[in-house]
Amino acid sequence: MPVDRLGTRSWRRALLALGLLLACGSGAAQPALLVGTAWYPEQWPQARWPQDLELMQAAHLDVVRVGEFAWSTMEPREGVYDFSWLDRAIAEAARRHIYVVIGTPTAAPPAWLTSKYPDTLRVDEDGQRAEHGNRQQFSFSSPRYRELARQIATRLAERYGRNPDVIGWQIDNEIGPPSFDAQTRRQFHDWLRRKYGSIANLNRHWTTAYWSQTYDGFDQVPMHSKDENPGLLLDFRRFVSDTWTSYIANQSTAIRAHADPRQFITTNTMHWGNQFDQQVLSRELDMAAWDEYVPDGHFVWLDQAVQHDLVRGYKNKDFWLMETQPAFVNWWSVNRALPPYAMRELAWQAVGHGADAVLYWQWRSALNGQEQYHGTLLGPDGTPVPAYGVVREIAAEMARAAPALAGTSPRSEVAMLQSYDSRWAIDAQRQQADFGVVKEFDAFYAPLEHYAQSVDVISTDTPLTGYRLVIAPALNVLSEAEAKRLADYVRAGGHLVLGPRSGMKDAYDALWPQRQPGPLTSLLGGRVEQFYALDATVPLTGVLGSGQASIWAEALSAHDPQTQVLLRYGKSNGWLDGKAAIISRQVGSGSITYIGAWLDPALMQNVLDDFLRKAHVTPLVPGVSDNVEVCERFGARKRVWILINHGDDPHTIRLPSPAAPVLSGNPAVSTAAVALAAHSIQVLEAPLR
Ligand code: GAL
């Protein structure tokens with residue numbers, strides 16, 4: 001028995017370890033990679049549960065998420081709790097070696113709650129109060145709702161916080177819509193008061209002399225999400241982010257008070273959702289998690305890859321795929337099924353980009369309710385549908401690969417900066433309707449991912465040391481502090497590339513009184529003379545190749561003799577003719593570059609390849625086809641390659657060093673030449689030298 005200064009702790013630790021060993025009745029440690037499903041036992045008779053769990057076991061599933069919409073079953077009347085069913089569901093799952101993640105049920109308040117406390121209901125921007133019957137009908141700022149949410153979360157944590165079979169918590173479910181009720185408005189005013197101190201300060205930063213917007217007091221400030229002063233709009237988004245963060249913190253604090261530290265706390269978020277700042281919110285969580293859907297059933301690997309990297313960046317560590325679709329969804333115009341091979345590619349891609357669990361939504365069709373057509377693993381009759389077989393194969397493979405993947409994570413030498421402030425600012429005033437910030441982000445991501453095969457997507461306050469190349473695709477809002485960090489990075493030898501619209505606005509969404517890129521202009525030794533929205537393409541040519549700009553073009557100028565023009569516009573609208581489109585300045589061993597135009601994909605690839613080479617970024621596995629995705633996860637002494645052929649043709653991949661096959665083949669025979677059939681996956685493990 002280990003002895004430490006507080007002998008009692010050793011005992012506690014030992015008991016805890018014993019508890020973990022006994023968890024799931026398996027005697028085995030939790031696998032490094034889990035596959036599971038969203039299970040709703042409250043919708044079915046208890047007598048059916050063993051059969052469900054046995055079918056899960058037969059499909060090699062390791063985890064179920066339960067409870068996240070079951071408030072009316074947990075607390076059928078106010079203050080009257082019934083957890084006996086959940087006790088039993090967890091125990092039955094554990095008996096079949098299936099771990100449990102508990103979702104707090106606050107996305108779906110019971111009818112007794114919303115009828116007794118109508119003030120907890122959300123009000124939309126047009127003043128309409130939500131009604132019962134859907135979900136997310138609560139107001140995120142309501143003190144009463146938070147108190148009720150805290151109570152149910154506390155009850156759950158008191159009961160299951162030490163349960164060895166419960167491995168984690170999901171708070172609520174896909175939070176997002178704000179409320180525009182009177183309480184929220186008061187809180188918005190308090191938030192502004194805390195931020196600005198005086199109304200004069202707010203008036204100054206928002207330039208409220210414009211259109212007589214000047215306020216005499218915080219109470220006069222309206223609360224809108226569109227058609228408003230940009231300063232107000234940006235602050236409203238930040239207020240919403242802070243309010244959702246405190247909403248989550250209300251429950252995470254309640255859970256942490258009773259839960260073992262080994263139980264993670266997360267919430268499941270939605271892809272590129274921009275209703276709040278997911279990076280800020282994630283500070284309250286132990287781990288990020290997201291729900292990945294391909295509603296049209298057409299899996300485009302780069303579109304999905306970037307989203308995994310985005311989510312991994314919320315906490316700069318591995319995450320969970322808390323939900324994904326068994327073949328198809330029910331909420332698109334044509335809910336096409338993913339082909340079986342695409343389900344497998346999707347699952348392995350998630351793991352390649354840092355997911356440590358993949359859960360399918362949902363286990364069995366509910367007989368009624370809004371999602372009767374959604375893909376499942378079991379049909380309403382309780383027997384497997386075709387997707388079950390595919391998931392069973394995926395789960396079997398993942399079980400085989402779990403030991404190799406233990407303790408590994410992706411890592412990258414290339415970072416892309418993702419700023420909610422900038423997204424919100426551009427979205428509020430696009431100037432060119434096609435300037436989608438996500439679309440533009442993807443336009444930069446695709447060539448980077450093609451070349452480097454690993455990209456981190458991080459917030460602007462993540463430390464940049466260690467990155468060879470940092471790209472900020474449209475860093476429209478650039479605070480003084482952010483600019484300083486970027487300048488320090490460049491001066492320390494880093495290579496920074498700014499995309500169009502960068503450095504236009506300060507932290508209050510006011511225009512910088514100097515031209516773009518604002519506080520980085522002198523480091524760049526050049527600036528934006530004027531921006532132009534395009535409705536036709538503009539030719540481009542220079543030392544980085546030639547091609548076309550569309551959607552957006554900025555005429556640049558260089559005032560420092562060391563600032564080079566790398567690309568110029570050809571003849572177009574008269575304003576852009578012959579003007580610089582990309583300028584770059586060497587700063588010691590680092591550099592700063594400004595790309596002023598939305599480039600066509602081939603030119604973008606040329607341009608970024610050049611910067612990647614200059615920054616000495618090397619591909620993980622050189623020379624692979626565009627349809628082959630290379631992912632790599634690193635551990636202390638090993639590297640694991642996940643190779644996914646998304647294409648219809650076979651390929652042979654040459655690894656930089658021999659590696660042992662993990663999924664199929666003889667693990668004792670390492671090879672550097674890997675044959676990848678069409679739409680196939682190989683996982684290989686090699687010692688890290
Ligand atoms: C998610 C949600 C699930 C389910 C699913 C259907 O967004 O979290 O509860 O509704 O969509 O695709």
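Both ligands and their constituent atoms are indexed starting at 1 by order of listing. Residues take their numbers from the sequence shown, with the count starting at 1.
For Glu68, no nitrogen or oxygen atom sits less than 3.5 Å from a nitrogen or oxygen atom of ligand 1, counting backbone and side chain alike. For ligand 1, none of its N or O atoms has an N or O atom of Tyr40 under 3.5 Å away. Taking any N or O of Arg65, backbone or side chain, none lies under 3.5 Å from an N or O belonging to ligand 1.
Among protein heavy atoms, the minimum distance from atom 9 (O) of ligand 1 is reached at Arg135 NH1, 2.8 Å. Considering only non-hydrogen protein atoms, atom 2 (C) of ligand 1 sits nearest to Glu323 OE1, 3.3 Å. Ranking protein heavy atoms by distance to atom 5 (C) of ligand 1, first place goes to Tyr293 OH, 3.4 Å.
When ring centroids are compared, Tyr247 and Phe138 come within the 6.0 Å threshold.
Taking both residues in full, the closest heavy atoms of Pro41 and Ala89 are given as CG-CB, 4.1 Å, listed atom of the first, atom of the second, then distance.
Counting the atoms of ligand 1 from 1 in the order shown, those under 4.0 Å from a heavy atom of Glu174 are 1 (C), 2 (C), 7 (O), 8 (O). Within ligand 1, counting atoms from 1 as listed, the ones closer than 4.0 Å to a heavy atom of His374 are 6 (C), 12 (O). Near Asp291, meaning under 4.0 Å from one of its heavy atoms, ligand 1 places the atoms 8 (O). Heavy-atom contacts of Trp331 reach the following atoms of ligand 1: 6 (C), 12 (O) (cutoff under 4.0 Å). Near Phe69, meaning under 4.0 Å from one of its heavy atoms, ligand 1 places the atoms 9 (O). Within ligand 1, the atoms closer than 4.0 Å to a non-hydrogen atom of Glu371 are 4 (C), 5 (C), 6 (C), 10 (O), numbered from 1 in the order shown. For ligand 1, the atoms lying closer than 4.0 Å to a non-hydrogen atom of Asn173 are 2 (C), 8 (O), 9 (O).
Note that CG of Leu378 and CH2 of Trp44 are 9.0 Å apart. Values are rounded to the nearest 0.5 Å. Taking CG from Asn134 and CZ from Arg122, the interatomic distance works out to 8.5 Å, rounded to the nearest 0.5 Å. Here the NE2-CD distance, from His374 to Gln362, works out to 8.0 Å after rounding to the nearest 0.5 Å.
Side-chain contact annotation: Gln349 with Gln304, donor-acceptor N/O pair under 3.5 Å absent. Under 3.5 Å, the side chains of Ser139 and Ser142 contain no donor-acceptor pair of N or O atoms. Between the side chains of Tyr160 and Asp87, at least one donor-acceptor pair of N or O atoms lies under 3.5 Å.
None of Val240, Asp181, Ile175 except one satisfies the side chain to side chain contact (heavy atoms under 4.5 Å, CB included) rule with Phe140; the exception is Val240.
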